[in-house]
Amino acid sequence: MPSHPFPFYTRPSPPPPSAPAPPRQPEIRPSPPLNLPTASAARASSANIMPVAQVGAAGKVVELEGRTPSRKTRRRNKKTAAATAAAAALVAASPSPPPTPMQRLFDTSREVFSDSAPGFVPPPDAVARLAAILNDLKPRDVRIDPSMPCFRHTDSKGPPPVTYLHFYDCSKFSFGIFCLPKSAVIPLHNHPGMTVFSKMLFGSMHLKSYDWARSNPENDTSTLTTSSDGGRLAKINTDAVVDASAETIVLYPENGGNLHCFTALTPCAVLDVMGPPYSSADGRDCAYYDESAYSNAGGEMRYSWLKEIPSTFEMKGVQMPQRFTVI
């Protein structure tokens, strides 16, 4: 007998088999007398039975003469049929419940990134549609709040850990939520060939983002966009504090702040929809960078040298249940 999964549970023993009972002798009783109806009683009984259709010669159905339903019965049957039809029509016309916010997010993301590939940029109307979905999203829609353990830093010996709540990914797009305790940092990194929608759900953070410089700001040429130590010139796109009141930020493969870093000023949550996702097989791994100041003769400080560096940054990944339908 297999053991029960709970060790403190004891299976009851089966009851012992009892001795077989002796066969029971059949009891013989006299049959009651038959009371056959008289001919007059049979005729009276048949007169009270409502006639039904019978099959006549050549297989034709012959209706026997009998009583027809009364006018009151016919009227009642018509009312019942009409009420049944009305109820069926009401059920058919009832609108289906509206999709949940997570279902709208998934459906819209799948539409926007249906043609996703490295370097893909969705058309402006698609960008506006997905950004509007994200702008309306609330923490309760994704079932998170600042009291969750992933927004608290309990170990003072190391940097606050970052947790990624993973909801969905395929070859076209993925989405999830970055959970940052206060003072947590996501280092400066890139998004090769990707379009990314980012929405703050709560909290505030400092965002700094860059795009690769197309030319040298001093002479407007591309001859001096790399440094002697292998750094590459990048132009600052954003250097500001953002919070949940900010609208969705969209970065593109070549502009919009494709390289960025986050520093949490309070516990905060950022939902990202990105397409196509990172792919080691396609040579599109996430790269991290160190930055050093660049200043020209005119004191221009909107540029920095970015040099790719090895990184030990790690996040804790949590697979979240899919509260939406994937067809």
Side-chain angles (χ1 to χ4, degrees), residues 101-102 105 131 133-169 174-191 194-211 234 236-251 256-274 277-278 285-293 302 304 306 308-320:
M102 287 294 282
L105 173 61
I133 295 290
L134 290 167
N135 288 338
D136 291 339
L137 209 62
K138 301 294 186 290
R140 64 176 177 272
D141 297 327
V142 293
R143 302 191 180 186
I144 63 169
D145 65 76
S147 66
M148 294 170 61
C150 56
F151 297 106
R152 296 196 298 265
H153 183 211
T154 57
D155 184 7
S156 59
K157 296 180 180 179
V162 178
T163 302
Y164 181 68
L165 308 181
H166 178 67
F167 286 93
Y168 180 80
D169 75 278
S174 67
F175 68 90
I177 299 174
F178 295 94
C179 305
L180 291 81
K182 182 180 178 180
S183 302
V185 175
I186 298 180
L188 183 63
H189 61 282
N190 69 345
H191 305 82
M194 301 161 65
T195 297
V196 181
F197 294 73
S198 296
K199 180 65 179 79
M200 287 280 294
L201 297 177
F202 62 76
S204 64
M205 68 180 184
H206 178 256
L207 166 65
K208 191 172 187 179
S209 67
Y210 291 90
D211 290 309
I236 296 175
N237 177 274
T238 304
D239 189 3
V241 174
V242 295
D243 58 23
S245 66
E247 294 193 344
T248 299
I249 299 170
V250 186
L251 61 86
N258 185 273
L259 304 97
H260 65 197
C261 58
F262 300 154
T263 302
L265 304 179
T266 68
C268 57
V270 187
L271 191 150
D272 269 14
V273 182
M274 58 183 70
Y278 292 106
D285 279 328
C286 182
Y288 295 88
Y289 299 86
D290 188 20
E291 56 184 325
S292 57
R302 297 292 298 173
S304 294
L306 304 186
E308 185 173 347
I309 58 173
S311 176
T312 58
F313 174 71
E314 293 182 352
M315 291 184 296
K316 178 183 178 182
V318 178
Q319 181 65 51
M320 300 297 286

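- You'll find the side chain of K182 stays beyond 4.5 Å of the side chain of F151, heavy atoms only.
- Looking only at distances, a side-chain donor or acceptor of S209 sits under 3.5 Å from a matching main-chain atom of T238.
- Put simply, the side chain of Y164 never gets that close to the backbone of V318: no donor and acceptor are under 3.5 Å apart.
- Between the D141 side chain and the P101 main chain, no donor and acceptor come within less than 3.5 Å of each other.
- Interatomic distance, OG of S304 versus CG of L259, reported as 11.0 Å (0.5 Å rounding).
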Listed pairs under 3.5 Å, donor-acceptor, residues 261-268 side chains, sequence neighbours left out:
| unit_1 | atom_1 | unit_2 | atom_2 | d |
| --- | --- | --- | --- | --- |
| T266 | OG1 | S204 | N | 3.0 |

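- Scanning all heavy atoms of the two residues, the minimum distance from P181 to C150 falls at CG-O, 3.6 Å.
- Residues meeting the side chain to side chain donor-acceptor pair (under 3.5 Å) test with T163, sequence neighbours left out: none.
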Take C179 and V162 through the side-chain contact (heavy atoms from CB on, under 4.5 Å) test and state the conclusion after the steps. CA-CA 6 Å; C179 305; V162 178; over 6 Å; no
Carefully, step by step, assess H166 and M320 under the rule side-chain contact (heavy atoms from CB on, under 4.5 Å). CA-CA 6 Å; H166 178 67; M320 300 297 286; 5.8 Å; no
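- Taking all atoms of both residues into account, the shortest heavy-atom contact from V185 to F313 is O-CE1, 3.5 Å.
- For S245, the side chain to side chain donor-acceptor pair (under 3.5 Å) partners at least two apart in sequence or on another chain are D243.
- Put simply, the side chain of H153 gets close to the backbone of G158: a donor and an acceptor are under 3.5 Å apart.
- No side-chain donor-acceptor contact under 3.5 Å links D211 to the backbone of I236.
- Taken from CD1 in I249 to CG in L134, the straight-line distance is 11.5 Å, to the nearest 0.5 Å.
- Take D145 and apply the side chain to side chain contact (heavy atoms under 4.5 Å, CB included) test, not counting sequence neighbours, and it matches S147, M148.
- Checked against ring-ring contact (aromatic ring centres under 6.0 Å, His included), Y168 has the following partners two or more places apart in sequence or in another chain: F106, F173.
- Side-chain atoms of D239 and H206 include a donor-acceptor pair closer than 3.5 Å.
- The distance from atom CZ of F178 to atom CG of L271, rounded to the nearest 0.5 Å, is 9.5 Å.
- Each of D169, D272, V273 was scored for a side-chain contact (heavy atoms from CB on, under 4.5 Å) with S174, with one residue passing: D169.
- Between the CD1 atom of I177 and the CD1 atom of I144 there is a distance of 4.0 Å, given to the nearest 0.5 Å.
- Atom CD of E314 has 12 or fewer heavy atoms from other residues, nucleotides or ligands within 6.0 Å.
- Y289 approaches A287 most closely through the heavy-atom pair CE1-O, 3.5 Å.
- Considering NE2 of H260 and CG of N237, their distance stands at 11.0 Å, rounded to 0.5 Å.
- When all heavy atoms of Y210 and L188 are compared, the pair lying nearest together is CD1-CD1, 4.0 Å.
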Go through the steps for M102 and F167 under the test side-chain contact (heavy atoms from CB on, under 4.5 Å), then give the verdict. CA-CA 10 Å; M102 287 294 282; F167 286 93; 3.6 Å; yes
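- With hydrogens and angles ignored, the 3.5 Å screen pairs a side-chain donor or acceptor of N258 with a backbone N or O of H191.
- For residues 197-210, every residue pair satisfying the salt bridge (charged side-chain N to carboxylate O under 4.0 Å, His left out) rule, not counting sequence neighbours, is listed here: K208-E291.
- Distance check: T248 OG1 to D136 CG gives 9.0 Å after rounding to the nearest 0.5 Å.
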